[in-house]
Protein chains: 2
Amino acid sequence: MRKPATPSNHNPTALLRTHGLRVTPQRLAVAELVFSKPMHVTARIVHEQIRQNHPAISMNTVYLTLGQFEACGLLKRFEVHGNIVFDSNTSPHDHACCNRCGTIIDLDSSPSASSKHTVQLPTQLKPWQIEGERRIWMGLCPDCSSESVL
Amino acid sequence: MRKPATPSNHNPTALLRTHGLRVTPQRLAVAELVFSKPMHVTARIVHEQIRQNHPAISMNTVYLTLGQFEACGLLKRFEVHGNIVFDSNTSPHDHACCNRCGTIIDLDSSPSASSKHTVQLPTQLKPWQIEGERRIWMGLCPDCSSESVL
DNA sequence: CCACTAGATAGGATAAATTCCTATAAAGGA
DNA sequence: TCCTTTATAGGAATTTATCCTATCTAGTGG
Ligand SMILES: [Mn+2]
Ligand SMILES: [Mn+2]
Ligand SMILES: [Zn+2]
Ligand SMILES: [Zn+2]
């Protein structure tokens with residue numbers, strides 16, 4: 001039995017090729033990082049991480065690469081506290097963000113997540129061409145919440 | 001019968017005094033603008049508007065003033081497309097934002113808006129200290145939607 | 001009506017995030 | 001290996017928001 005031909009998300013090289021992106025060391029490094037597991041990253045964080053192995057990688061490349069991954073549908077972009085955050089979990093879900101430490105967590109979809117989207121579209125948005133919906137809970141995470149009591 | 005003693009929202013001077021803010025020409029001008037009706041404004045927009053009558057007003061003053069109004073509970077702050085937006089409608093409600101022209105509209109609260117908050121708090125957020133929840137629908141407004149077809 | 005003081009303002013410096021520009025480098029196909 | 005297209009690094013430019021400070025003033029009390 002041979003390996004399946006379908007490129008796996010765990011094979012960054014194949015993933016890039018599948019989406020018509022040239023396989024460069026920088027792009028590969030970013031892919032290996034952000035697709036290793038579901039995560040929320042900013043360009044700055046990616047840059048800091050990648051620089052450990054690619055000291056010369058530029059912010060520009062990081063921005064371009066993340067933007068391309070988004071264009072391919074491999075990442076979703078949202079904003080929190082004025083920063084652009086890229087999410088490698090591309091299925092629809094809500095977030096909670098800690099106002100103090102910046103931690104962002106995924107919220108499990110409600111039981112009827114998919115139906116919710118169609119059912120709960122507000123009447124006023126009928127004439128709109130809605131592309132997406134974003135819900136963020138703001139507050140203090142358990143750690144910061146307990147610290148603030150001290 | 002005399003005028004009621006309760007300061008009205010339509011009397012910016014009284015509104016400022018009520019909240020312990022000195023009545024300066026700049027502050028008054030900002031108050032007259034943002035409290036004249038429900039609106040969504042950025043510091044830049046407020047600055048441009050106020051400058052028509054107060055050519056020397058600084059962005060710093062605008063930022064400070066809007067921040068103070070927020071601290072008083074007279075404005076709510078949220079973000080969209082990386083910009084800070086101040087909302088003079090302080091009751092809880094969702095928004096829709098046009099990705100092309102930037103228009104922001106208020107969405108009528110769902111029938112059980114208040115109960116929704118307690119009922120729908122995700123289980124995962126039990127250990128959190130939630131301060132608020134933001135929901136934004138992104139897409140194209142009717143105008144931009146029809147233009148994009150042409 | 002005047003003087004005093006806490007608070008407000010203008011303007012400039014600073015900071016941070018993102019985009020733009022361009023010459024050079026390199027991936028991948030011929 | 002050569003060639004064309006695309007990617008990259010680095011820096012400039014833009015944008016937004018905050019910080020700093022000297023000056024000014026609203027409101028208070030004399
Ligand atoms: Mn997520
Ligand atoms: Mn609103
Ligand atoms: Zn936290
Ligand atoms: Zn529009």
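Everything quoted here is computed from the prediction, not taken from an experiment. Chain naming here is simple, since letters A, B, ... match the order of the sequence lines and numbering starts at 1 in each.
- Going from atom CZ of B/F86 over to atom P of D/dA17 covers 8 Å, rounded to whole Å.
- Residue A/R27 contributes atom CZ, which lies 19 Å from atom P of C/dA25 at whole-angstrom precision.
- Of the N and O atoms on the side chains of A/D143 and A/S145, not one donor lies less than 3.5 Å from an acceptor on the other residue.
- Counting to the nearest Å, the C1' atom of D/dT15 and the CG atom of A/N83 are 14 Å from each other.
- In summary, the side chains of B/D106 and B/H40 do present a donor paired with an acceptor at a separation below 3.5 Å, with no hydrogens or angles considered.
- When ring centroids are compared, A/H95 and A/F78 come within the 6.0 Å threshold.
- Of all nucleotides listed (D/dA9, D/dT16, C/dA8), D/dA9 comes nearest to the side chain of A/T61.
- Summarising the geometry, the separation between CD1 on B/I57 and P on C/dA8 is reported as 14 Å, rounded to the nearest angstrom.
- One atom, CZ of A/R51, and another, C1' of D/dG10, lie 13 Å apart when rounded to the nearest Å.
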Apply side chain to side chain contact (heavy atoms under 4.5 Å, CB included) to the pair B/L75 and B/D87, showing each step before the final yes or no. CA-CA 5 Å; B/L75 293 177; B/D87 191 346; over 6 Å; no
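- Across the protein-nucleic acid pair, A/E79 atom CD and C/dT18 atom C1' stand 12 Å apart, rounded to whole Å.
- Of the side-chain N and O atoms in A/S58, none sit less than 4.0 angstrom from OP1 or OP2 of D/dT8.
- If B/G82 and B/R17 are placed on DNA chain D by their nearest nucleotide, the residue sitting closer to the 5' end is B/G82.
- Where B/Y63 and A/T24 each meet DNA chain D at their nearest nucleotide, the meeting point lying more 5' is that of A/T24.
- Checking B/L64 against B/R22, the closest nucleotide of DNA chain C that is more toward the 5' end is the one next to B/R22.
- Taking atom CE of B/M59 as the reference point, atom P of C/dA8 lies 19 Å away to the nearest angstrom.
- Close placement of the B/F35 and B/F69 rings is indicated, their centers lying within 6.0 Å of each other.
- For B/Q26, a side-chain nitrogen or oxygen approaches OP1 or OP2 of C/dA10 to under 4.0 Å.
- Remark: P of C/dC20 and CG of A/N60 are 10 Å apart, rounded to the nearest angstrom.
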